[in-house]
Amino acid sequence: MILVTGGAGFIGANFVLDWLKGLDEPVLNVDKLTYAGNLGTLRPLEHDGRHIFRQADICDRAALDELLAQHKPRAILHFAAESHVDRSIHGPADFVQTNVVGTFTLLESARAFWSALPEAEKKAFRFLHVSTDEVFGSLCATDPQFTETTPYAPNSPYSATKAGSDHLVRAYFHTYGLPVLTTNCSNNYGPYQFPEKLIPLMIAHALAGKPLPVYGDGQNVRDWLYVADHCAAIREVLGRGVPGETYNIGGWNEKKNLDVVHTLCDLLDAARPKTSGSYRDQITYVKDRPGHDRRYAIDARKLERELGWKPAETFETGLAKTVRWYLDNQAWVDEVASGEYRKWVETNYAQRA
Ligand code: NAD
Ligand code: TYD
C-alpha cells in the first residue's frame with residue numbers, strides 16, 4: 001500500500017480518488033483535518049476497503065511510527081501542508097509548524113521505518129515530497145521560466161516554509177540515502193479546491209452576487225495546471241522518477257489574474273446568465289497582497305523528456321470542467337464554507353477595502 005499525507009485536502013483527495021479509480025493498491029490516508037481537510041470529498045470511498053483514513057498530525061512522531069509499523073507502506077506521498085499564502089501572512093506560525101516541523105517529523109519517522117526494511121524493500125521504497133514553484137520566488141515579465149536548477153528565493157512565509165521542507169527532504173537523500181523525490185508544481189485548479197483560492201473564490205463570489213476582489217492591478221501572472229494532470233505527473237514520478245531528483249510540473253498556461261477572472265465570468269455568463277449584465281460587472285480592485293510575487297512560470301521539459309508526461313487539459317478545457325463542477329456541486333461548497341471560512345473571508349477582505 002501507499003501512505004498519503006493530506007489526502008483530505010484539495011490535491012491529496014483528488015490524488016487518492018484518481019489512484020483508486022485506476023489501481024487496486026490500497027491507500028492509507030493520514031490527515032489532521034484542519035479547516036482545509038474535508039472528509040466529504042472522500043465520501044465516494046466510504047465503503048471502499050482499499051481506503052483507510054486515519055486522523056493524525058504529521059508533527060506527532062508516535063502516531064506516525066505506529067501507522068508505519070502497522071501498515072508497512074511501500075511509499076509515502078507527502079501532500080500535507082498549510083497551503084494558502086494569504087493565511088501565511090496573517091499567521092505564519094502554523095506554516096512553520098506543519099510545513100517545516102511536520103515534514104521533519106515525517107522524514108524522521110520514514111527514515112527509522114525505512115532503515116529497518118529488508119534490502120529489496122529498502123531499495124524500492126520512495127518518499128515523494130509534493131512542493132510548489134513558489135519556492136523559486138518571483139519572475140519579471142521577460143525572465144526565463146523556472147527550471148529544476150533555478151536558485152531558491154521564497155518571498156512569503158508559505159513559500160519559505162515549503163522551501164525549508166524541500167531542503168530537509170534533499171538533505172535526507174544526501175545524508176541518509178532515503179530514496180526521496182521532490183516535485184515543484186505551479187498553481188492547481190479543479191474540483192474540491194477550498195474556496196479561499198483564486199478560482200473557486202471567484203466562482204463562489206460571482207454566484208453569490210458579491211464583489212470579485214482582484215488584488216492590486218490584476219496583472220500578476222500564474223501558470224495554471226488542472227489538478228488531474230498534477231496527479232498523473234505525481235504517479236509518473238513515483239513510478240519512474242530517479243531518487244534524489246526534483247521535477248518541475250506545469251501546465252504551459254501562463255495567465256494574468258485579470259484574464260483568469262474574465263474567462264471565469266464569461267463561462268458563468270454562458271452557463272448561468274444573470275438577469276441583467278455580466279459577472280464582469282462584479283469585478284472590484286482591492287488592496288494588494290504584501291510581497292505579492294509578480295510572475296511564476298514553469299519549464300516542465302525535464303518531466304516530458306525523462307518520463308514522457310505532458311498535461312492532458314488546456315486551460316480552456318480545464319476551466320470549463322471546473323466551472324461545471326462547481327455549478328453541479330454547490331452542496332460541497334456550502335459544506336466547507338463553514339463559520340470558520342466566513343470568519344477568514346472577513347479577516348482577509350475587510351482590510352483590503
Ligand atoms: P490543502 O490546503 O487543500 O490541503 C492540505 C491538507 O493537509 C488538508 O487536508 C489538511 O487537513 C492537511 N494538513 C494540514 N496540516 C496537517 C498536519 N499538521 N498533519 C496532517 N495533515 C495536515 O492543500 P493543497 O492545495 O491540496 O496542496 C497539497 C500540497 O501541494 C501542499 O504541500 C502544497 O504546498 C502543494 N502544492 C499546492 C499547489 C496548489 O495550487 N494548491 C500547487 C503546488 C503545490
Ligand atoms: P492564490 O489562489 O491564493 O494562489 P497563490 O497565491 O499561491 O498563487 O492566488 C492566485 C493569484 O490570484 C495571486 O496572484 C493572488 C490573486 N488573488 C486575487 O487577486 N484575489 C483573491 O481574492 C485571491 C484569493 C487571490
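Numbers here are sequence positions counted from 1. Counting starts at 1 for both ligands and their atoms, following the listed order.
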For Y152, enumerate each residue passing the ring-ring contact (aromatic ring centres under 6.0 Å, His included) test, keeping only those at least two apart in sequence or located in another chain. F136, H167

Please determine, by modelled atom types, if [X] and [Y] share a side-chain donor-acceptor pair under 3.5 angstrom.
| X | Y | result |
| --- | --- | --- |
| S186 | W224 | no |
| T347 | H90 | no |
| Y296 | D293 | yes |

So what's ligand 2 close to, N/O to N/O, under 3.5 Å?
unit_1, atom_1, unit_2, atom_2, d
ligand 2, 2 (O), L198, N, 2.9
ligand 2, 3 (O), R289, NH2, 3.1
ligand 2, 4 (O), N187, ND2, 3.3
ligand 2, 6 (O), R289, NH1, 2.5
ligand 2, 6 (O), R289, NH2, 3.2
ligand 2, 7 (O), E134, OE2, 2.5
ligand 2, 8 (O), N187, ND2, 2.9
ligand 2, 8 (O), R222, NE, 2.8
ligand 2, 12 (O), N257, ND2, 3.4
ligand 2, 14 (O), R222, NH2, 3.2
ligand 2, 14 (O), N257, ND2, 2.8
ligand 2, 14 (O), H292, NE2, 2.7
ligand 2, 19 (O), Y215, N, 2.9
ligand 2, 20 (N), P213, O, 2.8
ligand 2, 22 (O), P213, O, 3.4
ligand 2, 22 (O), Y349, OH, 2.6

Partner residues of L207 under the side-chain contact (heavy atoms from CB on, under 4.5 Å) criterion, sequence neighbours left out: I203, L268, R272, Y279, L327, Q330

Heavy-atom donor-acceptor pair, D166 side chain to V135 backbone, under 3.5 Å: no

R111 backbone acceptor or donor facing S115 side chain under 3.5 Å: yes

Are E25 and R50 close enough for a salt bridge, meaning some N to O gap below 4.0 Å? no

Contact residues of ligand 1 (heavy atom under 4.0 Å), by chain and number: G6, A8, G9, F10, I11, D31, K32, L33, T34, A36, G37, A56, D57, I58, F79, A80, A81, S83, T98, V130, S131, T132, Y158, K162, C185, S186, N187, N188

Partner of E196 under salt bridge (charged side-chain N to carboxylate O under 4.0 Å, His left out), chosen from R342, K343, R87: R87

